[in-house]
There are 2 protein chains.
Amino acid sequence: MEVSFDKVLDKFTKVLKKSNLRMTEQRKKLLELIFDSHDHFTAEELYDRCKARDLGVSKATVYRSLTLLTEAEMLEAHNFAQNALVYEHIYEHEHHDHLVCTECSKVVEFTCEAIEKYQRDVAKENRFTFESHSLNIFGLCPDCQRKQKSK
Amino acid sequence: MEVSFDKVLDKFTKVLKKSNLRMTEQRKKLLELIFDSHDHFTAEELYDRCKARDLGVSKATVYRSLTLLTEAEMLEAHNFAQNALVYEHIYEHEHHDHLVCTECSKVVEFTCEAIEKYQRDVAKENRFTFESHSLNIFGLCPDCQRKQKSK
DNA sequence: GTCAGTGCAAATGGTTTGCACCTCA
DNA sequence: TGAGGTGCAAACCATTTGCACTGAC
């Protein structure tokens with residue numbers, strides 16, 4: 001666990017309180033599951049983990065909680081593929097972009113200050129405000145390159 | 001029309017032939033609609049234009065043709081939002097990235113050689129092959145900034 | 001006690017597919 | 001003439017929603 005659960009719980013509780021929302025057993029259980037590892041995951045995968053551990057959290061609650069955590073800026077949703085959103089932690093994590101393997105879907109994070117800077121320049125040149133960006137580089141990861149060669 | 005229809009028709013016909021596929025009336029009509037402007041569009045929008053002009057092309061054929069044109073590398077599909085793929089011409093057009101307005105969904109194209117170069121470097125550093133990338137910068141376009149101020 | 005949260009099942013909406021009929025090469 | 005193409009409606013699948021019940025504060 002990269003961030004202490006207490007800290008995560010505290011943060012989410014405070015964000016909820018601001019909007020007059022409540023901390024519930026289900027939300028607590030989901031938080032624990034989500035921040036237990038730093039993996040990228042889909043709503044469906046999270047729900048499967050709930051079922052596997054018999055947490056008694058419904059699919060609807062999983063989806064609703066992911067939306068809340070994204071609004072709270074504790075998670076970020078990515079459109080790597082068109083079929084399902086992929087979530088990842090952003091609470092207490094530096095911003096980064098992604099290398100995505102087109103074969104096995106493995107995701108590797110990277111940061112590049114120079115690219116960040118040029119993006120701001122581009123937005124300014126076009127008189128757009130800079131809210132956010134998504135940069136994904138697609139290619140074969142080292143493992144899949146090896147597998148492909150040995151075919 | 002930015003590319004002559006004859007050229008587009010010729011290209012698609014050749015690609016189809018390679019896979020033992022046929023040029024049909026429906027595919028011809030869709031090509032004409034698609035390459036008549038350089039706008040970004042969704043499958044649904046294209047289908048609506050078909051209906052408006054009474055072209056007699058079904059939704060299934062629209063979807064199937066968009067897939068074929070993407071495979072033929074005449075169109076590219078983008079995941080700007082999670083709800084619908086947005087298509088654009090890439091045949092006879094330079095590669096570029098996108099500024100997307102978070103308010104009105106307007107898309108502005110840009111190219112930045114420096115960013116392209118850094119991306120290749122990042123892929124190499126992580127021993128990924130470089131197949132493609134998607135870079136989208138999200139913010140408010142000039143028009144929407146103006147509207148927001150005057151509220 | 002009240003209002004938000006939950007589970008369930010049904011609805012949604014973009015996209016895909018099975019199938020019988022049609023048509024290009 | 002036969003394989004590929006088409007239209008239609010049904011299926012899919014991630015996600016959302018309506019509703020009656022439950023529970024946090």
Side-chain angles (χ1 to χ4, degrees), chain A residues 9-10 12-33 40-51 53-72 75-87 105, chain B residues 9-10 12-33 40-51 53-72 75-87 105:
Chain A
L9 181 60
D10 187 56
F12 194 31
T13 308
K14 279 180 180 153
V15 173
L16 289 173
K17 195 162 285 171
K18 259 189 208 153
S19 307
N20 249 329
L21 305 180
R22 298 160 185 171
M23 178 51 67
T24 63
E25 271 316 300
Q26 288 88 337
R27 288 174 183 168
K28 234 180 252 181
K29 284 175 185 166
L30 284 172
L31 264 191
E32 211 158 351
L33 264 192
H40 296 70
F41 62 94
T42 64
E44 214 63 23
E45 283 163 8
L46 183 58
Y47 176 59
D48 287 345
R49 288 171 68 195
C50 285
K51 276 193 301 188
R53 301 186 189 198
D54 251 316
L55 297 188
V57 177
S58 72
K59 189 175 285 197
T61 295
V62 167
Y63 277 93
R64 288 189 271 235
S65 299
L66 288 173
T67 303
L68 284 171
L69 284 164
T70 303
E71 285 165 2
L75 293 181
E76 196 166 86
H78 295 284
N79 266 293
F80 293 139
Q82 74 263 207
N83 55 326
L85 286 173
V86 174
Y87 291 88
S105 297
Chain B
L9 181 60
D10 187 57
F12 193 32
T13 307
K14 279 179 180 153
V15 173
L16 289 173
K17 196 162 285 172
K18 258 188 209 155
S19 307
N20 250 330
L21 304 179
R22 298 162 185 171
M23 177 53 65
T24 64
E25 270 317 300
Q26 288 86 338
R27 287 174 183 168
K28 234 181 254 180
K29 285 176 185 167
L30 285 173
L31 263 190
E32 210 157 352
L33 265 191
H40 295 71
F41 61 94
T42 63
E44 214 63 23
E45 283 162 7
L46 183 57
Y47 176 59
D48 286 345
R49 288 172 68 196
C50 286
K51 274 193 301 187
R53 302 188 188 199
D54 250 317
L55 297 188
V57 176
S58 72
K59 191 175 284 197
T61 296
V62 168
Y63 278 94
R64 288 189 272 235
S65 299
L66 287 174
T67 303
L68 284 172
L69 285 164
T70 304
E71 285 166 2
L75 293 180
E76 196 166 86
H78 296 284
N79 266 293
F80 294 139
Q82 73 263 207
N83 54 325
L85 285 173
V86 173
Y87 290 89
S105 298

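Everything quoted here is computed from the prediction, not taken from an experiment. Order of the sequence lines fixes the chain letters, A, B, ..., with proteins taken first and strands second; residue numbering starts at 1 for each chain.
- When atom types are taken as modelled, the side chain of B/Arg27 and the backbone of B/Thr13 share no donor-acceptor pair closer than 3.5 angstrom.
- Atom C1' of nucleotide C/dG14 and atom CG of A/Asn79 are separated by 13 Å, given to the nearest angstrom.
- A/Lys59 places its NZ atom 10 Å from the P atom of D/dT15, with the value rounded to the nearest Å.
- If you take NZ of A/Lys17 and C1' of D/dA24, they are 11 Å apart, rounded to a whole angstrom.
- In this structure, the NZ atom of A/Lys28 is 16 Å from the C1' atom of C/dA4, given to the nearest Å.
- Residue order along DNA chain C, read from the 5' end via each residue's closest nucleotide, puts B/Ala84 first among B/Gln26 and B/Ala84.
- Closest of all the heavy-atom pairs between A/Lys28 and A/Leu9 is CG-CD1, 3.6 Å.
- The 5' end of DNA chain D is approached more closely, in terms of each residue's nearest nucleotide, by A/Ala43 than by the other of A/Ala43 and A/Arg22.
- Side chain of B/Thr24, nearest nucleotide from C/dC24, C/dC8, C/dT15: C/dC24.
- A residue-by-residue look at B/Met23 and B/Tyr63 shows that B/Tyr63 has its nearest nucleotide of DNA chain C further toward the 5' end.
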Dump the intermediate steps for side-chain contact (heavy atoms from CB on, under 4.5 Å) on B/Leu85 and B/Asn79, then the final yes or no.
-> CA-CA 5 Å; B/Leu85 285 173; B/Asn79 266 293; 3.9 Å; yes
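- Residue contacts for A/Ala60: at a heavy-atom cut-off of 4.0 Å it reaches a base atom on one of the strands shown.
- When heavy atoms are screened at a 4.0 angstrom cut-off, B/Arg27 is found touching the sugar-phosphate backbone but no base atom.
- No N or O donor and acceptor, one from the side chain of B/Arg64 and one from the base of D/dG4, sit under 3.5 Å apart.
- Summarising the geometry, the separation between CZ on B/Phe12 and P on D/dG4 is reported as 16 Å, rounded to the nearest angstrom.
- Comparing B/Leu16 and A/Leu21 along DNA chain D, the residue whose closest nucleotide (by nearest heavy atom) sits nearer the 5' end is B/Leu16.
- Neither OP1 nor OP2 of D/dT6 sits under 4.0 Å from any side-chain N or O of B/Ser58.
- A/Phe41 and A/Tyr87 have parallel rings, their planes meeting at less than 30° on a 0 to 90° scale where 60° marks the start of perpendicular.
- Taking all atoms of both residues into account, the shortest heavy-atom contact from A/Arg49 to A/Leu33 is NH2-O, 3.2 Å.
- Rounding to whole angstrom units, CD of residue B/Gln82 and C1' of C/dG14 are separated by 12 Å.
- Of the candidates C/dT6, D/dT15, C/dT16, the closest approach to any side-chain atom of A/Leu85 belongs to D/dT15.
- The NZ-C1' distance, from A/Lys29 to D/dG23, rounds to 13 Å in whole Å.
- Between the CG atom of A/Leu68 and the C1' atom of D/dT15 there is a distance of 15 Å, rounded to whole Å.
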